[in-house]
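Keep in mind that the numbers below use all heavy atoms, side chains included, and drop hydrogens, waters and symmetry copies.
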Amino acid sequence: MRDTGELTDKIAGAVSALTGLRLESSIKDGVRLPWPSRSTAIDLGDGLVEIRVVATTLPLPPLLESVTAAVEPLLADTRWSGATVRLVVTQLDASALGAGP
């Protein structure tokens, strides 16, 4: 892995391929943008990979497991190998409660 941007792109792609969640939208100058930005939805810290998402289905535990299963292999052979993967659910979409379209 050449840089953090490349790893962040791979994580974003893996998470985006999963059903039941989407990356959190970006906020710029106090305005929520309608698309996710890898730089605001994913943080690579010391021993921690934090991913902010909107849940579109319930229950949450299977979503957590699917994200971890998708992301951990991407971290192998990087300085984040063995890092904690933290999924932060920033919103619960109304469709998760059966109230959406």
Side-chain angles (χ1 to χ4, degrees):
M1 196 69 48
R2 290 186 358 228
D3 61 22
T4 58
E6 183 180 350
L7 178 58
T8 302
D9 284 343
K10 288 182 182 226
I11 293 170
V15 172
S16 296
L18 299 172
T19 57
L21 52 84
R22 65 178 182 267
L23 290 172
E24 171 62 274
S25 296
S26 302
I27 298 176
K28 181 177 169 89
D29 299 326
V31 176
R32 187 173 299 277
L33 302 175
W35 61 88
S37 169
R38 67 178 197 193
S39 63
T40 60
I42 300 168
D43 286 329
L44 301 173
D46 292 332
L48 176 69
V49 175
E50 183 174 287
I51 306 166
R52 287 173 292 287
V53 298
V54 175
T56 59
T57 62
L58 292 174
L60 292 177
L63 294 177
L64 301 174
E65 292 170 9
S66 66
V67 170
T68 300
V71 171
E72 282 183 341
L74 301 175
L75 303 177
D77 300 324
T78 72
R79 67 181 185 131
W80 293 278
S81 179
T84 298
V85 176
R86 179 186 299 158
L87 182 65
V88 178
V89 179
T90 60
Q91 294 180 44
L92 184 60
D93 192 277
S95 64
L97 303 172

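Judged as a side chain to side chain donor-acceptor pair (under 3.5 Å), and not counting sequence neighbours, the contacts of Thr90 are Glu24.
Shortest non-hydrogen contact noted between Ala55 and Ala96 is O-CB, 4.2 Å. Heavy atoms only, all atoms of each residue included: Leu48 and Trp80 are closest at O-CD1, 4.1 Å.
Leu18 is not connected to Val54 by any chain of hydrophobic side-chain contacts under 4.5 Å among Ile, Leu, Val, Met, Phe, Trp and Tyr, and they are in different clusters.
Side-chain atoms of Asp93 come within 3.5 Å of backbone N or O of Ser95 as a donor-acceptor pair. Judged purely by atom type and a 3.5 angstrom limit, Thr56 uses its side chain to pair as donor or acceptor with the backbone of Gly20.
The closest side-chain heavy-atom distance from Ile42 to Val15 is not below 4.5 Å. Side chains of Val85 and Leu75 form a contact here, defined as non-hydrogen atoms less than 4.5 Å apart. Side-chain contact between Leu92 and Leu58: present, with at least one pair of heavy atoms (C-beta onward) separated by less than 4.5 Å.
Here the rule is side chain to side chain contact (heavy atoms under 4.5 Å, CB included) with Val53, and of Leu21, Val88, Val67 only Leu21 fits it.
Applying the salt bridge (Lys or Arg N to Asp or Glu O under 4.0 Å) rule to pairs touching residues 82-91 yields Glu50-Arg86, sequence neighbours excluded. Within the structure, side-chain hydrogen bond (donor to acceptor under 3.5 Å, both in side chains) pairs that include any residue of residues 57-72 do not occur (at least two apart or interchain).
Of the inter-residue distances, the one linking Thr84 atom OG1 with Asp46 atom CG reads 12.0 Å to the nearest 0.5 angstrom.
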